[in-house]
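Okay, structure first, notes after.
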Amino acid sequence: QVGLVESGGGLVQAGGSLRLSCAASGLTFSSYAMGWFRQAPGKEREFVAAIRWSGGTVKYADSVKGRFTISRDNAKNTVYLQMNSLKPEDTAVYYCARSRTSWGTQSLHEYDYWGQGTQVTVSS
């Protein structure tokens with residue numbers, strides 16, 4: 001099966017932490033940047049974080065900078081999103097995606113493969 005599968009979502013209290021994982025299968029992983037996006041009810045899907053193919057360069061949305069960390073393990077074809085100091089406004093479905101390029105951008109149109117999403121709910 002070709003695709004991306006996210007896991008690790010759930011319900012957490014404000015101030016808590018979650019670690020999302022995204023495993024790739026049947027597609028080239030290590031040569032491409034990977035990104036995390038999220039979509040809250042009634043809102044457009046928005047960029048959260050991206051990581052270059054080598055893992056050496058990362059980008060974050062201002063809203064998560066300093067709280068979230070993106071990383072990847074090319075040997076395991078997996079990208080991670082460590083989320084700390086979670087806030088109720090972080091509540092959304094989180095999606096991982098593979099970029100069309102090796103360096104990654106904030107534009108969702110630059111991503112060609114998407115996971116099915118994992119729900120993150122932060123209670124106040």
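- Judged purely by atom type and a 3.5 angstrom limit, K59 uses its side chain to pair as donor or acceptor with the backbone of G104.
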Take V12 and T121 through the test side chain to side chain contact (heavy atoms under 4.5 Å, CB included) and record every step on the way to the result.
-> CA-CA 6 Å; V12 64; T121 303; over 6 Å; no
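- Counting Ile, Leu, Val, Met, Phe, Trp and Tyr side chains that sit under 4.5 Å apart, directly or through other members, Y80 stands alone, with no cluster partners.
- When all heavy atoms of T91 and Q119 are compared, the pair lying nearest together is CG2-NE2, 4.0 Å.
- Smallest separation of non-hydrogen atoms from A14 and S124: CB-CA, 4.4 Å.
- Counting only N and O atoms by type, the side chains of D73 and T78 include no donor and acceptor under 3.5 Å apart.
- For C22 against L4, the heavy-atom pair with the smallest separation is SG-CB, 3.9 Å.
- A distance of 8.5 Å separates CG in L81 from OG in S71, rounded to the nearest 0.5 Å.
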Between side-chain atoms of residues 37-50 and protein atoms elsewhere (two or more places apart, or another chain), which donor-acceptor pairs fall under 3.5 Å?
residue	atom	partner	partner atom	Å
R38	NE	E46	OE2	2.7
R38	NH1	D90	OD1	2.9
R38	NH1	Y94	OH	2.9
R38	NH2	E46	OE2	3.2
R38	NH2	S63	OG	3.4
Q39	OE1	R45	NE	3.4
Q39	OE1	R45	NH2	3.4
Q39	NE2	K43	O	3.1

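- In this structure, R98 fails the cation-pi test against Y113, since its NZ or CZ atom is not both closer than 6.0 Å to the six-membered ring centre and inside 45 degrees of the ring normal.
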Please walk me through it: do Y60 and T69 pass side chain to side chain contact (heavy atoms under 4.5 Å, CB included)?
-> CA-CA 8 Å; Y60 297 99; T69 302; 3.8 Å; yes
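- Residues V122 and W36 share a hydrophobic cluster, clusters being chains of Ile/Leu/Val/Met/Phe/Trp/Tyr side chains in contact below 4.5 Å.
- Side-chain N or O atoms of R72 include none that pairs as donor or acceptor with a backbone N or O of S54 at under 3.5 Å.
- Here the side chain of E110 pairs no donor or acceptor atom with the backbone of T101 at under 3.5 angstrom.
- The main-chain N or O of F68 is never found under 3.5 Å from a side-chain atom of Q82 such that the two would form a donor-acceptor pair.
- Residue W114 places its CH2 atom among more than 12 non-hydrogen atoms of other residues, nucleotides or ligands, all under 6.0 Å distant.
- With contacts defined as side-chain heavy-atom distances shorter than 4.5 Å, the pair V79/I51 qualifies.
- Judged by distance alone, the side chain of Y32 and the main-chain N or O of Y111 form no donor-acceptor pair under 3.5 Å.
- Among all heavy-atom pairs drawn from S102 and S31, the shortest one is CB-O, 3.5 Å.
- In this structure, K76 NZ and F29 CZ are separated by 12.0 Å, a value rounded to the nearest 0.5 Å.
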Please lay out, stage by stage, how L20 and V120 fare under the test side chain to side chain contact (heavy atoms under 4.5 Å, CB included).
-> CA-CA 9 Å; L20 305 184; V120 171; 4.1 Å; yes
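- E6 CD to C96 SG: the interatomic distance, rounded to the nearest 0.5 Å, is 4.0 Å.
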CA sep, side-chain torsions, deciding dist, call: T118, V93, side chain to side chain contact (heavy atoms under 4.5 Å, CB included) | CA-CA 5 Å; T118 186; V93 177; 6.0 Å; no
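- Rounded to the nearest 0.5 Å, atoms CG (N84) and CG (L18) are 9.5 Å apart.
- M34 is not listed as a side-chain neighbour of S99, based on a closest heavy-atom distance of 4.5 Å or more.
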